[in-house]
2 protein chains.
Amino acid sequence: MPRNALWKSIAQSLTGDIASGRYGPGDKLPTEAEMAARFGVNRHTVRRALQDMSEKGLVHTRRGSGAFVASKPTDYPIGRRVRFHQNLRAAGRMPAKEVLAVETRSADAREADALALEPGAAVHVYEGLSLADGQPIALFRSVFPADRLPGLPEALRAHKSVTRALEMCGVHDYTRQSTRLTAKLASPTQALLLRISDGAPILRTISVSLAPDNRPVEYGHTWFAGDRVTLTVEP
Amino acid sequence: MPRNALWKSIAQSLTGDIASGRYGPGDKLPTEAEMAARFGVNRHTVRRALQDMSEKGLVHTRRGSGAFVASKPTDYPIGRRVRFHQNLRAAGRMPAKEVLAVETRSADAREADALALEPGAAVHVYEGLSLADGQPIALFRSVFPADRLPGLPEALRAHKSVTRALEMCGVHDYTRQSTRLTAKLASPTQALLLRISDGAPILRTISVSLAPDNRPVEYGHTWFAGDRVTLTVEP
DNA sequence: CCTCATTTGTGCGTATGTATC
DNA sequence: AGATACATACGCACAAATGAG
């Protein structure tokens, strides 16, 4: 009798293939039927192994398409200064941002509270996707007070970088006041954008950043692909 | 046809029963066979629902025994000051600690490096279990430099609280220098102690705390039951 | 200490639905 | 539109752990 469950051995074998580079990030694994034949087990047993690996973030599956190797985790520091580009460059990775939306609207109660604004005040909203080496790392939504930052939308569209755009608007520095960490599950939309499995673990952070005058300038939500990121806290 | 998968409906139904208080923390759910009969589905379908809920941390199962409702999540702040008792009291919960081991031995390379000691220097090691309202929250292992804290083991055995024990040894304050966050899977031993499922998600933190003279006094590992804790970062 | 019914864990076979290509 | 591939669901059988007696 297998001391370990059969599906665990298969998961271990496939994990080894990924670790050894036999299958690289983005590669498609053989079909379940093929693997079942290769390992000499029922297709359900292969599925159980793939499910386990999917939960651990090693692969993700798409119905009708196949199972694909996920990308490697990325270290990501959370501290007083959170700078996406700097952080990833320091880690030797190629950062990029994809703009999903830049708009101006009135703040909801939560946003107004976080930014110390009157309810209904105008805010700029910046939504996008952060990538490293072409792999999606995180979804973000940043909310800024519009009255103090009139030219921000144009600056964001021009540079994508929050740090640079704020600088163009006269905010030459900003530090993080607080970060709240919660584990969530990916919604279908999030999973699609982050290229992970539906229901995969998501690390959600909610943060408030302050300008040098100690007034809040950014209220941010970030949804990290849980298995691609390790957060480090340096107060 | 059910637009949603059958097992999802069942998971939703059971989740509702838990949310409404029909099943409380620690309660045993009906057996898989019973639920299969009650819902009019195959036992596998109930199992798929329970598996989903187990992944989300709502229940945990024990072979030969049954499925049990897990306890509620706990907020837990990580910042300059990490004080277990104070934190939980502020959250209106009853803190407790269970001592697993207090010993003195020589430091390994990693510990010596973190505490700025010579390799092989003597360290006190404190291992235990943190509980809130009787529910296990975290496993911890704290390592202290023995030369500067001769009476620490006795103080720890007397008070359990790290804050108090350090105070008795002349360290009247300490602040956290750094925290690293990683997601892990529970080992069988950890799962048993934390009363979670084997392989459940664990939030592991590795931290270094400094005394007022800026010398490191504590090198800590903490394994949080991932589904019972939310971490908040306040630099 | 051992036995034994109960309960969860694993695995196979089969069938059908549904998204993708 | 058709073939392919993953997703869901049922039924059966046995293994392994638990817990009562």
Side-chain angles (χ1 to χ4, degrees), chain A residues 1-14 23 26-55 58-70 185-186 188-189 191-192 195-200, chain B residues 1-14 23 26-55 58-70 185-186 188-189 191-192 195-200:
Chain A
M1 279 296 101
R3 170 121 152 233
N4 292 332
L6 241 183
W7 65 263
K8 282 196 180 182
S9 308
I10 292 172
Q12 205 170 350
S13 171
L14 291 173
Y23 301 116
D27 285 0
K28 184 180 179 302
L29 296 182
T31 67
E32 293 173 355
E34 276 180 61
M35 287 197 280
R38 196 215 299 175
F39 287 110
V41 300
N42 190 273
R43 192 184 136 223
H44 281 309
T45 308
V46 172
R47 279 183 62 72
R48 186 66 188 83
L50 287 175
Q51 196 191 335
D52 181 69
M53 295 170 70
S54 176
E55 286 159 22
L58 284 168
V59 301
H60 62 275
T61 59
R62 290 207 315 165
R63 169 185 295 195
S65 181
F68 301 85
V69 179
L185 293 178
T189 307
L192 183 67
R195 287 182 227 154
I196 55 179
S197 302
D198 193 4
Chain B
M1 281 294 104
R3 169 118 150 237
N4 291 332
L6 243 182
W7 65 261
K8 282 197 179 183
S9 309
I10 293 172
Q12 204 170 350
S13 170
L14 291 174
Y23 301 116
D27 286 0
K28 183 180 178 304
L29 295 181
T31 67
E32 293 172 355
E34 276 180 62
M35 289 196 279
R38 197 217 295 177
F39 287 109
V41 300
N42 189 272
R43 191 184 136 219
H44 280 308
T45 308
V46 172
R47 281 183 61 73
R48 186 65 188 84
L50 287 174
Q51 194 192 334
D52 182 69
M53 295 171 69
S54 177
E55 285 160 23
L58 284 169
V59 301
H60 62 274
T61 59
R62 290 211 314 166
R63 171 188 291 194
S65 182
F68 302 85
V69 179
L185 293 179
T189 307
L192 184 67
R195 288 182 225 155
I196 54 180
S197 302
D198 193 5

Counting only side-chain nitrogens and oxygens, does B/Thr45 get under 4.0 Å of the OP1 or OP2 atom of D/dT8?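 For D/dT8, OP1/OP2 do not have a side-chain N/O of B/Thr45 under 4.0 Å.
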Please confirm whether the shortest side-chain N or O distance from B/Asn42 to OP1 or OP2 of D/dG11 is below 4.0 Å.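 So the side chain of B/Asn42 is within the cut-off, an N or O lying under 4.0 Å from OP1 or OP2 of D/dG11.
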The side chain of B/Arg62 lies closest to which of these nucleotides: D/dG19, C/dG9, D/dA9?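 Output: D/dG19.
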Atom [atom1] of [X] and atom [atom2] of [N]: how far apart are they, to the nearest Å?
X: A/Arg63; N: C/dT16; atom1: CZ; atom2: C1'; value: 12 Å
X: A/Leu50; N: D/dA7; atom1: CG; atom2: C1'; value: 13 Å
X: B/Leu6; N: D/dG11; atom1: CG; atom2: P; value: 12 Å
X: A/Asp52; N: C/dG11; atom1: CG; atom2: P; value: 12 Å
X: A/Phe39; N: C/dG11; atom1: CZ; atom2: C1'; value: 16 Å
X: A/Trp7; N: C/dC12; atom1: CH2; atom2: C1'; value: 17 Å
X: A/Lys8; N: D/dA15; atom1: NZ; atom2: P; value: 19 Å

For the [atom1] atom of [X] and the [atom2] atom of [Y], what is their distance to the nearest 0.5 Å?
X: B/Ile10; Y: B/Asp52; atom1: CD1; atom2: CG; result: 11.5 Å
X: B/Met53; Y: B/Gln12; atom1: CE; atom2: CD; result: 10.5 Å
X: B/Leu14; Y: B/Tyr23; atom1: CG; atom2: OH; result: 7.0 Å

Any side-chain heavy-atom pair from A/Leu29 and A/Leu50 closer than 4.5 angstrom?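 A/Leu29 vs A/Leu50: side chains touch.
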Does the side chain of B/His44 reach to within under 4.5 Å of the side chain of A/His44, using non-hydrogen atoms?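 Answer no - side chains too far apart.
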Among residues 28-37 of chain B, which contact DNA chain D at a heavy-atom distance under 4.0 Å?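 The answer is none.
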Minimum heavy-atom separation for B/Ala49 to B/Ala11, with atom names?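 What the structure gives for the nearest pair is CB-N, 3.7 Å.
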Mind listing the closest non-hydrogen atom pair of B/Thr45 and B/Trp7 along with its distance?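 It is O-CB, 3.6 Å.
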Do A/Arg43 and D/dA7 have a side chain to base donor-acceptor pair shorter than 3.5 Å?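 It does, because a donor-acceptor pair links the side chain of A/Arg43 to the base of D/dA7 below 3.5 Å.
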With a 3.5 Å cut-off and heavy atoms only, can you find an N or O donor on one side and an acceptor on the other between the side chain of B/His44 and the base of C/dT10?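 Under the 3.5 Å cut-off, the side chain and the base do not form any donor-acceptor pair.
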Under 4.0 Å, counting only non-hydrogen atoms across every strand here, what does A/Arg47 touch: a base, just sugar-phosphate, or nothing?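 If one applies the 4.0 Å heavy-atom cut-off, A/Arg47 turns out to touch a base.
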Report the residue (B/Gly40 or A/Ser65) whose heavy-atom-nearest nucleotide on DNA chain D is the more 5′ of the two.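 Going by which nucleotide is closer to the 5' end, it is A/Ser65.
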